[in-house]
Amino acid sequence: EDDETPRKRRKTGPAGKAIKEASSKKGRKSAADTFNELKENFEENYIFQALNDAEVSISELANDWVQTYKAHKDLAKKDLINLILNAVGCFTKIEEHDVSNNESASETVSEIQTFFKRQKNHEFYLASKKPDYKHLKKNFINFMNEIISISDENGLLYENIVISEEDDEDVEEPEDSNLMEDLLIWLSSFSVSYIRALRYISTLSLLNIETTLCRIIVKVNSSLEKFKHQLEVEQKKAKATTKAAKKRIAQIESNVTQYSNQSLILENTIQDILNTTFIHRFKDIDYQIRVEAMGALGEWMDTYPELFFKVTYLKYLGWVLSDENASVRSQVIKTLIKLLKKNIIVTGLRQFFERFKTRVIEIAFHDVDHHVRTSAINLLIEINKVGFLEDEEIGKVSSLIFSSKDSKIIQLVSKFIQTVESENTKATLEALSVNIKSCEKLFPINLRDLIKIHNLIEILTVANEVYSENQPKQS
């Protein structure tokens, strides 16, 4: 992708100036010397420094940022963006005037990209394996999540937002932007950057913000249902016409309105992040961003199944089962195993596996990555536990016990066969319980053990037949 040329040159901070000077002195210094000089002269962002400390109080740090935002939002926005730039190794700082107008976000990001590219050498601290930065990614994620949680608790998430009916054209727009609008505009602008590090950190931020919003909306909807129930009870009471009763009802109605509005605002924000970030980044050219997107989707399904545990979103997991990168395929399988272990079987999940279980079986047999193959077998074990595999498919998977030479795969297929036998034996014992009870004293060995052995032999016989049928015929 090509660089974008800024239409308007903004005033830059000291680091930006240093980049321009260093890049103009071609041949005088090596790239490494220039990088080290820039790094030495660069003043680190205070939040960046704090997040590298294992003992940092994330909640206190996030609360300080939120308080700064409430008092001076341009200063808070500047600090947050400079944190992002610092975390990706960009020795450029922006000033308050650069973030004062959200409409110029794309232009500002374009200028930052230009400075980033001129810098040539970078150290992506957020993804660094160096001991000095080992706490950074985890603390950064927790910091972003804590900002949203604190803003929910103090009501900041819901300020400067007007709730109106769809056909109401006379509603006045709020004079100032709100927190989520500011975060989404700037982070979304970075999330479409052609610079991978900027795209990664902004996407990571938005995906984790979405996860926190899912937790919050579940809590809000629970409170909303509680107050709706209380209102219904109060309205049915015989003494609902008394002054005290009317006051109670008015208070409960106020709570219902408050939580209804909060739920609507959260729902809209969740959809905004889906539309601006997830549907584009789940197919990002960078596999690590795709991994983050799939992991986040699994979290949303787990946290807020009312919205996400549907075919509409499950299909993304199915599509990415064919991703070219093994880490992405592994993440999808891991997510599916986690969902099945929750024992929440919904119509969408059955429909999903009707469409994609053939692909999972194909991965178990032929994937080039050993870890992905073994994970797929573990997934098939869980799929079978909920009864989503047909007899023919069970026979095919079981045939791996004969065709594979890999000890780990043989071990997992043995576990698969054991679960099939266990389910079959359980069904047989339930169907023949009366007969077994009346006849078991006539046999010298335990009938239940006989049935177990019979079912195991039956499974292995079918598996061997499938294996034999797939062997090349000798001429």
Side-chain angles (χ1 to χ4, degrees), residues 145 148 166 180 184 188 191 203 206-225 228 259-260 262-284 289-323 328-361 363 375-376 378-390 393:
N145 291 343
I148 304 304
E166 290 184 10
M180 288 311 305
L184 264 60
S188 296
S191 76
T203 301
L206 286 163
L207 294 175
N208 280 280
I209 287 172
E210 183 89 328
T211 302
T212 304
L213 291 173
C214 286
R215 294 192 187 109
I216 293 171
I217 198 171
V218 168
K219 179 190 68 176
V220 167
N221 286 345
S222 176
S223 297
L224 176 58
E225 290 306 310
K228 281 183 175 179
Y259 284 106
S260 294
Q262 289 184 4
S263 181
L264 180 60
I265 290 167
L266 292 166
E267 194 75 48
N268 288 340
T269 308
I270 286 169
Q271 288 295 338
D272 283 345
I273 294 176
L274 279 169
N275 296 334
T276 60
T277 305
F278 177 79
I279 63 172
H280 301 294
R281 302 282 69 83
F282 91 94
K283 54 186 177 182
D284 195 279
I289 292 177
R290 301 199 301 274
V291 168
E292 296 290 354
M294 289 299 103
L297 180 58
E299 287 292 325
W300 306 338
M301 289 177 174
D302 186 21
T303 305
Y304 190 23
E306 293 83 358
L307 175 63
F308 288 101
F309 212 175
K310 298 174 183 175
V311 174
T312 309
Y313 300 106
L314 282 164
K315 68 184 179 184
Y316 290 106
L317 296 175
W319 292 341
V320 181
L321 277 171
S322 297
D323 194 279
V328 182
R329 296 194 301 276
S330 178
Q331 178 62 61
V332 173
I333 292 170
K334 179 181 175 183
T335 296
L336 289 169
I337 290 172
K338 182 179 178 181
L339 291 173
L340 283 171
K341 285 185 174 181
K342 295 286 288 185
N343 290 321
I344 306 172
I345 306 305
V346 295
T347 305
L349 200 59
R350 179 176 287 278
Q351 291 174 348
F352 171 83
F353 282 113
E354 282 298 321
R355 180 177 176 185
F356 291 107
K357 61 184 175 180
T358 302
R359 172 60 185 148
V360 178
I361 294 172
I363 291 172
S375 296
N378 276 318
L379 175 56
L380 287 165
I381 291 170
E382 299 303 322
I383 295 172
N384 184 62
K385 284 180 182 178
V386 295
F388 288 172
L389 290 181
E390 304 296 331
E393 293 160 338

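The backbone N or O of Phe282 sits nowhere less than 3.5 Å from a side-chain atom of Arg290 that would complete a donor-acceptor pair. Remark: side-chain polar atoms of Thr269 are paired, donor with acceptor, to backbone N or O of Ile265 under 3.5 angstrom. Looking at Arg281, its side chain does come within 3.5 Å of a backbone N or O of Ser191 through a donor-acceptor pair. Of the possible polar contacts, none joining the Arg215 side chain to the Thr303 backbone as a donor-acceptor pair under 3.5 Å is found. Checked by atom type and distance alone, the side chain of Asn384 never pairs as donor or acceptor with a backbone atom of Leu380 at under 3.5 Å.
Side-chain contact between Leu349 and Leu340 is present, with at least one heavy-atom pair separated by less than 4.5 Å. Counting heavy atoms from C-beta outward, Asp284 and Thr203 have side chains that stay 4.5 Å or more apart. Between Ile333 and Leu321, some side-chain heavy-atom pair lies under the 4.5 Å cut-off. In this structure, the side chains of Arg329 and Arg359 come closer than 4.5 Å at one or more pairs of heavy atoms. Inter-residue side-chain proximity for Met301 and Leu317 is flagged as met; some heavy-atom pair is nearer than 4.5 Å.
In this structure, Ile273 CD1 and Ile279 CD1 are separated by 13.0 Å, a value rounded to the nearest 0.5 Å. Put simply, CD1 on Ile209 and CD1 on Ile216 are 10.5 Å apart, with the number rounded to the nearest 0.5 Å. Rounding to the nearest 0.5 angstrom, the gap separating the CG atom in Leu266 from the CG atom in Leu213 is 6.0 Å. Residue Leu336 holds its CG atom at 12.5 Å from NZ of Lys341, rounded to the nearest 0.5 Å. The CH2 atom of Trp300 sits 7.0 Å away from atom SG of Cys214, with the distance rounded to the nearest 0.5 Å. Rounding to the nearest 0.5 Å places CD of Glu267 at 10.0 Å from CD of Glu306.
Trp319 and Phe356 have their aromatic ring centers separated by at least 6.0 angstrom. Centroid-to-centroid, the aromatic rings of Phe309 and Tyr304 stay 6.0 Å apart or farther.
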Quick one, Lys283 with Val320, criterion side-chain contact (heavy atoms from CB on, under 4.5 Å). Give me CA distance, side-chain angles, the key distance, then yes/no.
CA-CA 8 Å; Lys283 54 186 177 182; Val320 181; over 6 Å; no

Between Lys385 and Ile381, does a side-chain contact (heavy atoms from CB on, under 4.5 Å) hold up when you go through it step by step?
CA-CA 6 Å; Lys385 284 180 182 178; Ile381 291 170; 3.9 Å; yes

side-chain contact (heavy atoms from CB on, under 4.5 Å) assessment of Leu307 paired with Gln271:
CA-CA 10 Å; Leu307 175 63; Gln271 288 295 338; 3.8 Å; yes

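Taking the six-membered ring where the residue is Trp, Phe308 and Tyr313 present tilted rings, their angle falling between 30° and 60°. Using bins of under 30°, 30° to 60° and over 60° for the plane-to-plane angle, the ring pair Phe388/Phe353 lands in the tilted bin.
Heavy-atom contacts from other residues, nucleotides or ligands closer than 6.0 Å to NZ of Lys219 number more than 12.
Taking a cutoff of 4.0 Å between a charged side-chain nitrogen and a carboxylate oxygen, Lys338 and Glu299 qualify as a salt bridge.
Checked against side-chain contact (heavy atoms from CB on, under 4.5 Å), Thr358 has no partners two or more places apart in sequence or in another chain. With sequence neighbours excluded, the residues forming a side-chain contact (heavy atoms from CB on, under 4.5 Å) with Glu390 are Lys357, Glu393, listed by chain and number.
Counting all heavy atoms, side chain and backbone alike, Ala293 lies closest to Phe278 at O-CE1, 3.5 Å. Minimum heavy-atom separation, Val328 to Met294: CG1-CG, 4.4 Å. A pairwise comparison of heavy atoms in Ile337 and Ser375 identifies CD1-O, 3.8 Å as the closest pair. Summarising the geometry of Ala296 relative to Leu207, their closest heavy-atom pair is CB-CB, 3.9 Å, with the distance given to 0.1 Å. Scanning both residues, Lys342 and Asp302, for their nearest heavy atoms gives CE-OD1, 2.8 Å. Across Ser260 and Leu224, no two heavy atoms sit closer than the pair OG-CD1, 3.3 Å.
For the residue pair Gln331 and Thr335, a side-chain donor N or O sits within less than 3.5 Å of a side-chain acceptor on the partner.
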